[in-house]
Amino acid sequence: MNANTWKRRIKSKALNRWRSRHQTESITPLIGINNNDEDTQDGYERQVNDHKDPLTQNTLNIQNEHHLQNNDGITSLAEHLHVPADSISVRPYCSENQPENLEQKVFALIQTSVHKHLPKPPEDPDKNLQQYLFHVQVIVLKELQRLALLSDTRGRMGDVINCYHNQIFKQLNGVLQQIRSSKSCFVLLQWLLQIYLSQDLLGHPDFKEMDVTRTIDLMLLNDCTTKAQDILLVSVQKELSKTLKKILSKSQERGNKSDEDLIETYIDTIQCINAMSNQALKISSRLSVQVQEICLEELLIFVRRYTSQQTENLEKSKMTKIDTFDFFKTLKTCRELKHYVQTKHKGVKVSVVKETVELLEEMQDFTKKRLLGNVAVVTETHLKKYFRADSKQFSLVGALRELFPNLSSCLDEQKSVMDEVYKLTVHLYLKHLISTNQKKLLKCWRRGIGETVTEDAELIHNTFSDLAPGVQQWNFTLLEVSEVLKYPYGDTLKLTVEGCTDDLELLPALLRWKGLSKWQVRDILEALPDHRPETRPALWCCCPLCY
């Protein structure tokens with residue numbers, strides 16, 4: 001066999017083998033469909049499992065991946081929330097016949113994490129509330145910021161924030177039931193209204209895209225705020241009433257009569273009220289008005305009790321050696337409280353302000369009248385001795401200095417009182433002067449009446465100027481006594497009398513004491529610029545001697 005023939009045989013055999021293999025692969029499915037042979041059937045099923053159509057294969061792959069993702073996602077979420085996935089019970093969050101699902105597992109994980117991280121409420125909120133709220137603020141913000149940065153929890157931040165929100169207010173509602181002080185209410189309200197939705201917590205820039213205010217239930221915040229406000233107003237009324245009673249009781253105690261004692265009552269009262277209204281103003285102007293109204297209503301009750309007690313106390317004061325300190329303390333207290341009420345009445349009932357001011361003004365008038373009455377008794381006692389004594393010893397000025405010690409915290413009240421006492425002293429001096437026989441005075445004083453009266457007038461003025469610097473001068477009538485006694489009836493005397501208009505009540509008696517007749521007195525008085533003729537009955541005697 002030559003070489004060419006050998007090549008043709010090899011090529012033919014190879015072609016036959018290719019055709020045989022190709023024909024078998026092409027007809028195998030058709031045979032398998034109609035053939036019941038088990039081996040053929042097993043081979044078919046293996047081929048189907050290995051060569052499914054693309055749509056069916058993709059569906060199965062997604063289901064398998066979803067299944068794997070659920071299991072892995074729960075575990076990953078639990079790790080990020082810092083809670084063990086295998087210890088979570090979903091049943092509390094399912095209805096009785098409802099099967100557990102993914103959402104319930106996620107919710108259970110978030111709830112467990114919130115309970116784990118959120119600080120426990122204090123056992124005594126009135127002592128530890130501020131510390132608790134600070135811890136809530138710091139821990140919750142830190143935890144939310146951490147979770148917002150994680151890919152597995154970023155999509156669940158709305159659920160996380162809402163869960164924290166609900167749990168926080170569940171705790172706060174329990175805290176409200178234990179709060180008993182206004183201080184705690186102020187702390188809570190300030191935190192709720194100024195911290196909770198601010199950048200320090202839920203309003204933080206890291207949560208800006210989450211639109212937190214649409215995620216959470218704001219009614220929980222509103223309800224808690226309303227409850228805290230109601231508790232606050234009740235607490236303010238009770239605490240203020242208790243404090244003002246203590247202040248009232250302390251005001252009746254005898255101190256060391258220092259400037260500090262003088263201002264203690266009204267300072268403590270005003271500071272107490274201001275502390276409440278100022279704290280409320282830090283939270284809300286509307287709340288401040290409500291608190292201020294309660295405060296001024298309690299102040300009215302305090303003023304009623306205070307004025308009643310002071311009236312009783314001042315009426316019991318001894319006339320022999322009066323203590324003017326209590327009078328000045330009362331005057332100062334009334335003046336400062338009245339000024340406070342008149343300037344702090346915005347939003348408060350007009351009737352409350354009006355009654356409080358009226359009570360204080362009545363107390364001021366009574367106190368000053370009572371003080372002047374007591375001073376008049378002391379002054380009368382010393383003047384009687386002075387004008388009846390055989391030798392000139394004007395002890396009145398010493399008694400006045402003893403009655404009115406220098407009180408630097410009460411200068412306005414002292415000046416006002418000294419003005420009245422000054423006029424009273426001059427009036428009583430002149431009254432006793434013209435009630436005393438001139439011959440007796442000349443015998444006792446052993447020198448001219450006019451000169452002595454002038455000296456006494458200057459001494460009186462110097463005394464009151466020392467007691468109340470800047471006090472108005474009221475001794476002109478006494479200074480003119482010397483001139484009145486020196487000049488006879490005539491134009492010169494009329495000009496002299498014009499300087500005696502400080503005490504027109506006693507001027508006619510002074511002229512009569514000088515020795516002038518009634519018609520001369522009337523003639524001089526009618527020459528005065530401010531003279532007002534007295535109203536006389538229809539029938540009166542026209543005789544000059546009957547004046």
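For clarity, every value in this text was computed on a predicted model and none was experimentally measured.
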- Message: In this structure, is the centre-to-centre distance between the rings of F169 and H165 below 6.0 Å?
- Response: yes
- Item | Minimum-distance pair of heavy atoms, taken over all atoms of V352 and T356 | O-OG1, 2.7 Å
- Message: Quick test of your reading: applying salt bridge (charged side-chain N to carboxylate O under 4.0 Å, His left out), list the pairs with at least one residue in residues 305-314, sequence neighbours left out, ordered by first then second residue.
- Response: E312-K316
- Task: Without swapping roles, check the side chain of S288 against the backbone of S284 for a donor-acceptor pair under 3.5 Å.
- Result: no
- Query: When rounded to the nearest 0.5 angstrom, what distance separates CD1 in I270 from CG in L337?
  - Reply: 5.5 Å
- Quick one: does V114's side chain get under 4.5 Å of N166's, heavy atoms only? no
- Query: Rounded to the nearest 0.5 Å, what separation is found between the CH2 atom of W191 and the CD atom of Q130?
  - Reply: 12.0 Å
- Using only heavy-atom distances, determine whether the side chains of Y132 and Q171 contain a donor-acceptor pair under 3.5 Å. yes
- Is there a side-chain contact between L202 and L144, using heavy atoms and a 4.5 Å cut-off? yes
- Query: What about Y429 and F387, are their ring centers closer than 6.0 Å?
  - Reply: yes
- Note on the structure: In this structure, CG of L244 is separated from CG of L299 (nearest 0.5 Å) by 7.0 Å
- Message: Quick check: closest heavy atoms across L189 and I283, and the distance to 0.1 Å?
- Response: CB-CD1, 3.8 Å
- Item | Test salt bridge (charged side-chain N to carboxylate O under 4.0 Å, His left out) applied to R388 - qualifying residues, sequence neighbours left out | none
- Task: Could you walk me through whether V481 and L430 pass side-chain contact (heavy atoms from CB on, under 4.5 Å), step by step?
- Result: CA-CA 9 Å; V481 167; L430 187 59; 4.3 Å; yes
- Query: Under a 4.5 Å cut-off applied to non-hydrogen side-chain atoms, are L433 and W513 in contact?
  - Reply: yes
- Value for OG1 (T243) from CG (L248), rounded to nearest 0.5 Å, stands at 12.5 Å
- Message: Any carboxylate oxygen within less than 4.0 angstrom of a Lys/Arg side-chain nitrogen, looking at D323 and K257?
- Response: yes
- Taking only residues two or more places apart in sequence or in another chain, which ones pass salt bridge (charged side-chain N to carboxylate O under 4.0 Å, His left out) with E380? K431
- Message: Between R214 and D211 (salt bridge meaning N to carboxylate O under 4.0 Å), is one present in this structure?
- Response: yes
- Query: Is there a side-chain contact between V136 and I168, using heavy atoms and a 4.5 Å cut-off?
  - Reply: yes
- Task: Mind listing the closest non-hydrogen atom pair of V236 and S182 along with its distance?
- Result: CG2-CB, 4.1 Å
For a quick test of your reading: what N or O donor-acceptor pairs under 3.5 Å do the side chains of residues 289-298 make, sequence neighbours left out?
residue : atom : partner : partner atom : Å
Q290    : OE1  : Q229    : NE2          : 3.1
Q292    : NE2  : K344    : O            : 2.7
Q292    : NE2  : K346    : O            : 3.2
E298    : OE2  : Q237    : NE2          : 3.0

- Query: Relative to the ring of H204, is the ring of F207 parallel (under 30°), tilted (30 to 60°) or perpendicular (over 60°)?
  - Reply: tilted
- Query: Could you walk me through whether L197 and L221 pass the side-chain contact (heavy atoms from CB on, under 4.5 Å) check?
  - Reply: CA-CA 10 Å; L197 294 181; L221 174 61; 3.7 Å; yes
- Answer yes or no: is there a side-chain heavy-atom contact under 4.5 Å between Y306 and T330? yes
- Rounded to the nearest 0.5 Å, what separation is found between the CD1 atom of I460 and the CG atom of L396? 6.5 Å
- To the nearest 0.5 Å, how far apart are NE2 in H427 and CG in L506? 4.5 Å
- Message: Is a donor from one side chain sitting under 3.5 angstrom from an acceptor on the other, for D124 and Q178?
- Response: no
- Note on the structure: Sorted by chain and residue number, the salt bridge (charged side-chain N to carboxylate O under 4.0 Å, His left out) partners of K250 (sequence neighbours excluded) come out as E264
- K242/E239 ion pair, N-O < 4.0 Å: no
- Carefully, step by step, assess L176 and C224 under the rule side-chain contact (heavy atoms from CB on, under 4.5 Å). CA-CA 8 Å; L176 281 172; C224 187; 3.8 Å; yes
- Query: Got a salt bridge between D268 and K246, using NZ or NE/NH1/NH2 to carboxylate O under 4.0 Å?
  - Reply: no
- Message: Check D412 with K332, please: is the shortest side-chain N to carboxylate O separation under 4.0 Å?
- Response: no
- Can H117 and S113 be counted as having a side-chain donor-acceptor contact under 3.5 angstrom? yes
- Does a side-chain heavy-atom distance below 4.5 Å link L172 with L192? yes
- Query: Are P122 and K127 close enough that some pair of their side-chain heavy atoms sits under 4.5 Å apart?
  - Reply: no
Which pairs would a plain distance check flag for residues 360-368, meaning a side-chain donor or acceptor within less than 3.5 Å of a matching protein atom at least two apart in sequence or in another chain?
residue : atom : partner : partner atom : Å
Q364    : OE1  : K338    : NZ           : 3.3
T367    : OG1  : M363    : O            : 2.7
K368    : NZ   : S416    : OG           : 2.8

- Query: Does the pair L383 and T379 meet the rule for a side-chain contact (heavy atoms from CB on, under 4.5 Å), with working shown?
  - Reply: CA-CA 6 Å; L383 288 175; T379 303; 3.6 Å; yes
- Item | Atom CZ of R401 with >12 non-hydrogen neighbours under 6.0 angstrom | yes
- Message: If you define the side chain from C-beta out and look only at heavy atoms, does anything of K385 sit under 4.5 Å from S395?
- Response: no
- Any idea how Y422 and H461 line up, ring-wise: parallel (<30°), tilted (30 to 60°), or perpendicular (>60°)? tilted
- Item | Minimum heavy-atom distance L233-L287, with the two atoms named | CD2-CD1, 4.4 Å
- Nearest heavy-atom pair of P125 and I179: which atoms, and what distance? CB-CG1, 4.0 Å
- Message: Please check if the number of heavy atoms outside K116 that lie under 6.0 Å from its NZ is greater than 12.
- Response: yes
- NZ/NE/NH1/NH2 to OD/OE distance under 4.0 Å, E315 and R370: no
- Message: Can a donor-acceptor pair be found, under 3.5 Å and without considering hydrogens, that links the side chain of Q194 to the backbone of K282?
- Response: yes
- Minimum heavy-atom separation for Q167 to L118, with atom names? CG-CD2, 3.4 Å
- Message: Please determine whether the number of non-hydrogen atoms from other residues, nucleotides or ligands lying under 6.0 Å from atom CD of Q252 exceeds 12.
- Response: yes
- Assess the side chains of S181 and D126: does a donor N or O sit below 3.5 Å from an acceptor N or O? yes
